[in-house]
Visitor: 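Before we start, here is the structure in question, set down as structure tokens.
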Amino acid sequence: MTLTADSAVTQKLSLLDELVLTLLNEESGYFRQVPGWDLNCAVIGGVLGELSLLSRIDTDMDSLILLDRAKTGDPALDPILEQIAAEPVQRDAQYWIERLAPRAESIIDLTLDRLVDLEILRHHDGDFWSLARGAWQNGPYAASGEGTAVDFVKTRLSRAIFANEIPDPRDIIIICLINTCDVLRFIFELDEASEKRVEFISNMDLIGRSIAAAVSHNLSSSLFRPSAFAKPIPVVPLRRLLRSRPARQGNLPAFFAELAKEYGPVFELRPPFTGPMILLAGPEMNHWAHRHGRMYLRSRDYLEDFEKVYGGSGILPTLDGADHFRYRKSMQPAYSRTRLEARLDECYSTARAYMAAWSVGDKLPAKTMCRQLVNSTLSPAMVSIDTQDVVADLHKFKERALQTHVIGNLPKLMLRTPAMKRRAKLVGEVMERVLSSHTPAQRAGCPRDLADDLLSMHASDRQFLPESNLPFVLSAALIASMYVGDQLGLIIYAMLSQPEFHESISNEADALFAKGTPDRDELTGPAIDITRRFIMECLRLYPIVPASYRNVMNTCAVEGYELPEGSRVLIAQTATHYMEDVFPDPFSFDIDRYLPPRKEHLGSSYAPYGLGTHTCLGSRWTSLHLAIHLLLLVHHFRLEISPANYKLKISSFPSSSVNNKLKFVVAEQRHEIPA
């Protein structure tokens with residue numbers, strides 16, 4: 001049979017696929033603002049509609065009738081079909097929509113995965129999705145003449161609504177579903193006549209009518225709204241904080257896990273000198289924050305004063321919603337692993353140049369050394385200038401700004417001391433250095449860097465990225481060396497304190513560099529398997545950002561607890577790293593956790609880079625950067641811990657790091673550094 005372009009697309013996409021595509025708002029990278037119960041009902045309605053089109057079920061005014069229990073081969077449809085077939089009593093469509101609505105989230109996940117596999121959608125870190133631009137240029141969508149897959153669906157729907165064409169049964173169902181979700185008005189401009197047409201089409205399908213009834217009349221929708229009978233949030237007494245061993249050691253993830261075990265997944269802390277905050281800790285909280293937090297939480301409130309310190313407004317950490325997604329998409333290439341892989345030789349060279357100044361017997365302050373080592377490669381790669389002379393002062397200014405304006409454990413006047421005023425001026429000085437080195441003539445033939453991307457964004461949209469934000473955004477990469485450097489310090493300590501891992505990582509490094517400088521394939525393959533898993537375990541045990549502040553912008557209920565609008569929330573996303581039911585024997589250093597069949601890191605309970613929309617944009621870049629520095633270091637030098645009896649105590653604020661007492665002694669130079 002010869003297929004038309006339209007039928008080719010129809011066969012490629014299921015009704016559920018098309019529903020998800022129409023509900024996706026590409027500007028924000030997520031679904032249009034659809035209430036949870038309405039969205040769940042619409043998704044289940046899409047499943048029932050697809051089963052009806054496949055002649056597995058039928059409906060009449062009173063019943064949903066099973067016609068054929070044979071599997072469809074679709075993992076989103078078959079479990080629903082099986083449940084309907086197992087029901088001994090014949091039920092109506094509304095019953096099934098209401099009963100199956102809680103399963104909608106897993107069906108959405110499967111559908112999104114399918115659309116990514118079909119290269120129709122592209123998945124971004126932070127659980128954002130956008131249309132994959134090549135999907136319709138080389139596929140059947142190009143032949144349809146309608147552009148993208150979404151355009152193809154929208155064109156069919158518009159013909160039914162505005163041209164009064166007789167709609168296809170699948171289009172009747174889709175129109176009803178998205179009308180139920182109150183999304184049609186965001187897709188089309190509807191006047192009174194077209195609204196009546198939509199209402200007429202929606203009543204043409206019994207499943208669609210059942211969905212509308214389920215949404216408008218179902219009492220279970222209250223499960224998605226704050227409850228008048230919400231459980232009281234337990235308050236942790238201050239004395240409980242003082243007697244916690246993990247808290248005294250600075251191990252905040254273990255401390256939060258300890259509190260969650262005692263008080264439950266939602267509890268309140270009232271630390272001295274700062275306002276009360278509600279903590280969310282545990283697997284369910286991580287999942288909720290990752291998938292649903294964008295609807296109820298925002299980051300802007302607690303960071304407003306911080307961004308003003310740098311003279312900015314609307315910097316990436318303070319953005320939410322569509323602006324945040326747009327910014328992330330624009331910056332994604334600069335923070336990608338691919339960008340770093342293209343500059344491996346330069347990275348090796350600059351790191352070795354920094355280490356070349358070390359001599360046997362040197363005692364290197366661990367925190368300072370690791371930050372400087374990371375910045376030696378990060379600054380040239382990101383902004384193409386050397387900032388080793390100012391980066392320590394930039395770090396001190398950033399730490400003080402966080403302590404005074406975010407954490408609140410220091411008075412704001414501490415940011416106005418003469419030393420801090422001097423350091424504040426360096427932010428502008430760094431911007432001038434970057435600008436003077438990024439003229440067209442100087443950038444000719446140079447590999448593109450983060451500064452190029454930022455300056456291009458500024459030139460193309462000066463309202464979105466104004467000049468007032470340039471001092472912060474052009475110095476932010478250097479500030480990032482503080483976090484990556486502190487993570488490297490914790491990793492080096494963990495390695496030196498466990499000789500068996502030290503030896504294994506040294507062996508991998510020696511084999512890797514024996515042939516010269518390793519390329520990207522060698523750095524992603526089995527050649528550094530132990531190093532990779534070792535770093536993953538360090539990220540679990542010693543995450544540098546163990547929790548994330550947010551403010552509640554819309555009142556919501558989580559696990560039976562109400563989070564009031566305006567309250568401060570601390571998402572303790574790494575508390576799960578120390579929970580026995582997620583990571584068995586959590587205090588044990590075990591790099592086999594990440595091998596099959598265990599793979600304990602899969603899912604939102606392993607969260608060293610954060611959760612949800614604000615997941616670290618450069619997570620894959622950072623993982624590779626850490627591996628490069630660790631491998632280079634152990635290949636060229638053997639370090640020792642000083643003092644020899646040092647026991648790790650983590651400095652928790654403003655982020656986790658080794659404390660200032662730890663030093664690394666250069667005990668031996670194992671291999672010469674190339675000139």
Side-chain angles (χ1 to χ4, degrees), residues 25-29 124 126 128 130 294 298-336 339 378-379 382-385 387 390-391 393-395 397-398 400-402 404-406 412 415-416 420-421 423-440 442-443 448-483 549-551 553 613-614 616-618:
N25 180 354
E26 199 186 1
E27 288 186 2
S28 67
H124 303 261
F128 295 104
S130 64
R294 72 190 79 206
R298 68 182 174 209
S299 61
R300 184 186 69 207
D301 305 75
Y302 78 94
L303 286 171
E304 279 183 319
D305 288 343
F306 172 77
E307 67 177 354
K308 290 175 184 176
V309 168
Y310 288 88
S313 177
I315 59 178
L316 179 59
T318 68
L319 294 175
D320 295 288
D323 284 342
H324 179 76
F325 180 53
R326 177 187 171 191
Y327 207 127
R328 286 178 70 98
K329 281 203 300 183
S330 300
M331 290 298 100
Q332 197 163 34
Y335 286 98
S336 70
R339 183 75 66 87
L378 189 149
S379 181
M382 286 294 195
V383 292
S384 299
I385 60 172
T387 59
V390 297
V391 72
D393 283 321
L394 292 175
H395 291 165
F397 182 73
K398 167 76 177 293
R400 184 66 61 84
L402 288 172
T404 55
H405 288 281
V406 177
K412 293 181 179 179
L415 196 62
R416 298 192 292 270
M420 286 298 150
K421 288 181 179 179
R423 289 170 178 138
K425 292 179 181 179
L426 294 176
V427 177
E429 182 181 317
V430 167
M431 181 188 73
E432 293 302 325
R433 289 191 198 181
V434 174
L435 293 177
S436 64
S437 67
H438 280 71
T439 63
Q442 293 182 76
R443 296 302 294 159
R448 193 168 180 86
D449 63 14
L450 170 66
D452 290 321
D453 292 344
L454 288 166
L455 293 173
S456 294
M457 185 193 296
H458 169 64
S460 64
D461 192 340
R462 296 188 175 219
Q463 184 175 27
F464 187 63
L465 180 54
E467 185 179 340
S468 58
N469 282 6
L470 290 180
F472 177 82
V473 298
L474 292 176
S475 64
L478 317 181
I479 296 169
S481 63
M482 177 179 83
Y483 295 105
Y549 287 106
R550 295 288 183 270
N551 274 45
M553 62 179 177
T613 57
H614 285 270
C616 176
L617 185 57

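Side-chain atoms are counted along with the backbone in the values below, which use heavy atoms only and exclude waters and symmetry mates.
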Visitor: State, to 0.1 Å, how close Ala451 and His438 come at their nearest heavy-atom pair, and which atoms those are.
Guide: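 Taking Ala451 first and His438 second, the nearest heavy atoms are CB-NE2, 3.4 Å.
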
Visitor: Nearest 0.5 angstrom please: Met482 CE to Leu402 CG, how far?
Guide: 6.0 Å

Visitor: So does Asp320 pair up with Arg294, basic N to acidic O under 4.0 Å?
Guide: no

Visitor: Report the residue from Gln332, Met382, Met331 that forms a side chain to side chain contact (heavy atoms under 4.5 Å, CB included) with Asp453.
Guide: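 Testing each of Gln332, Met382, Met331 against Asp453, the sole residue satisfying side chain to side chain contact (heavy atoms under 4.5 Å, CB included) is Met331.
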
Visitor: Looking at every non-hydrogen atom in both residues, tell me the closest pair between Glu26 and Phe325 and how far apart they are.
Guide: O-CE2, 3.2 Å

Visitor: How long is the gap from CD1 on Ile385 to OG on Ser436, to the nearest 0.5 Å?
Guide: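 Atom-to-atom, Ile385:CD1 and Ser436:OG are 7.5 Å apart.
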
Visitor: To the nearest 0.5 Å, what is the distance between NE2 (His405) and CD (Glu307)?
Guide: 12.0 Å

Visitor: State, to 0.1 Å, how close Asp461 and Arg326 come at their nearest heavy-atom pair, and which atoms those are.
Guide: OD2-NH2, 2.6 Å

Visitor: Taking all heavy atoms of Thr613 and all of Arg328, pick out the closest pair and write down the distance.
Guide: O-NH1, 3.1 Å

Visitor: Quick one: NE2 on His395 to CD1 on Ile479, what's the gap to the nearest 0.5 Å?
Guide: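 Between His395 NE2 and Ile479 CD1, I get 7.5 Å after rounding to 0.5 Å.
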
Visitor: Would you find a donor on one side and an acceptor on the other, under 3.5 Å apart, between the side chain of Ser379 and the backbone of Leu478?
Guide: no

Visitor: Return yes if a side-chain donor-acceptor contact under 3.5 Å exists between Ser384 and Arg443, otherwise no.
Guide: yes

Visitor: Quick one, Arg550 and Tyr302 - any side-chain contact, counting heavy atoms below 4.5 Å?
Guide: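 SC-SC contact between Arg550 and Tyr302 confirmed.
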
Visitor: Could you give the distance from CE (Met420) to CZ (Arg400), rounded to the nearest 0.5 Å?
Guide: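 So the gap between those two atoms works out to 3.5 Å.
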
Visitor: So do Arg339 and Pro333 actually touch side chain to side chain, heavy atoms under 4.5 Å?
Guide: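 The answer is yes, as the side chains (C-beta and beyond) meet within the 4.5 Å cut-off.
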
Visitor: So which atom in Leu454 and which in Leu465 form the shortest heavy-atom distance, rounded to 0.1 Å?
Guide: O-CD2, 3.3 Å

Visitor: Mind running salt bridge (charged side-chain N to carboxylate O under 4.0 Å, His left out) on Glu304 and Lys308 for me, showing each step along the way?
Guide: CA-CA 7 Å; Glu304 279 183 319; Lys308 290 175 184 176; 5.9 Å; no

Visitor: Between Arg433 and Thr387, what is the shortest heavy-atom contact and its length?
Guide: NH1-CA, 4.2 Å

Visitor: Just so I know, are the side chains of Val473 and Met457 near enough to count as touching, which here means a heavy-atom distance under 4.5 Å?
Guide: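 Heavy-atom side-chain distance check fails, nothing below 4.5 Å.
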
Visitor: Considering only heavy atoms from C-beta outward, does the side chain of Phe306 approach that of Lys398 to under 4.5 Å?
Guide: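 Counting from C-beta outward, Phe306 and Lys398 do come under 4.5 Å.
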
Visitor: Start with the C-alpha gap between His458 and Asn469, add the side-chain angles, then the distance that decides, and say whether side-chain hydrogen bond (donor to acceptor under 3.5 Å, both in side chains) holds.
Guide: CA-CA 9 Å; His458 169 64; Asn469 282 6; over 6 Å; no

Visitor: Over 60° means perpendicular and under 30° means parallel, so classify the ring planes of His324 and Phe128, tilted if in between.
Guide: tilted

Visitor: Could you label the plane-to-plane angle of the Phe464 and Tyr327 rings as parallel, tilted or perpendicular, counting under 30° as parallel and over 60° as perpendicular?
Guide: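 The arrangement is tilted - the two ring planes meet at 30° to 60°.
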
Visitor: Where do Tyr549 and Leu303 land on the side-chain contact (heavy atoms from CB on, under 4.5 Å) test, with the steps shown first?
Guide: CA-CA 9 Å; Tyr549 287 106; Leu303 286 171; over 6 Å; no

Visitor: For the side chain to side chain contact (heavy atoms under 4.5 Å, CB included) test, which of Ile315, Leu470, Val427 pairs with Tyr310?
Guide: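 Only one option passes, and that is Val427.
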
Visitor: Evaluate whether atom CD of Glu27 has more than 12 neighbouring non-hydrogen atoms of other residues, nucleotides or ligands under 6.0 angstrom away.
Guide: no

Visitor: Return the OG1 to CG distance between Thr404 and Leu415, rounded to the nearest 0.5 Å.
Guide: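 Here the interatomic distance stands at 4.5 Å.
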
Visitor: Could you pull out all residues at least two apart from Asp323 that satisfy salt bridge (Lys or Arg N to Asp or Glu O under 4.0 Å)?
Guide: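 For Asp323 there are no salt bridge (Lys or Arg N to Asp or Glu O under 4.0 Å) partners, ignoring immediate neighbours.
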
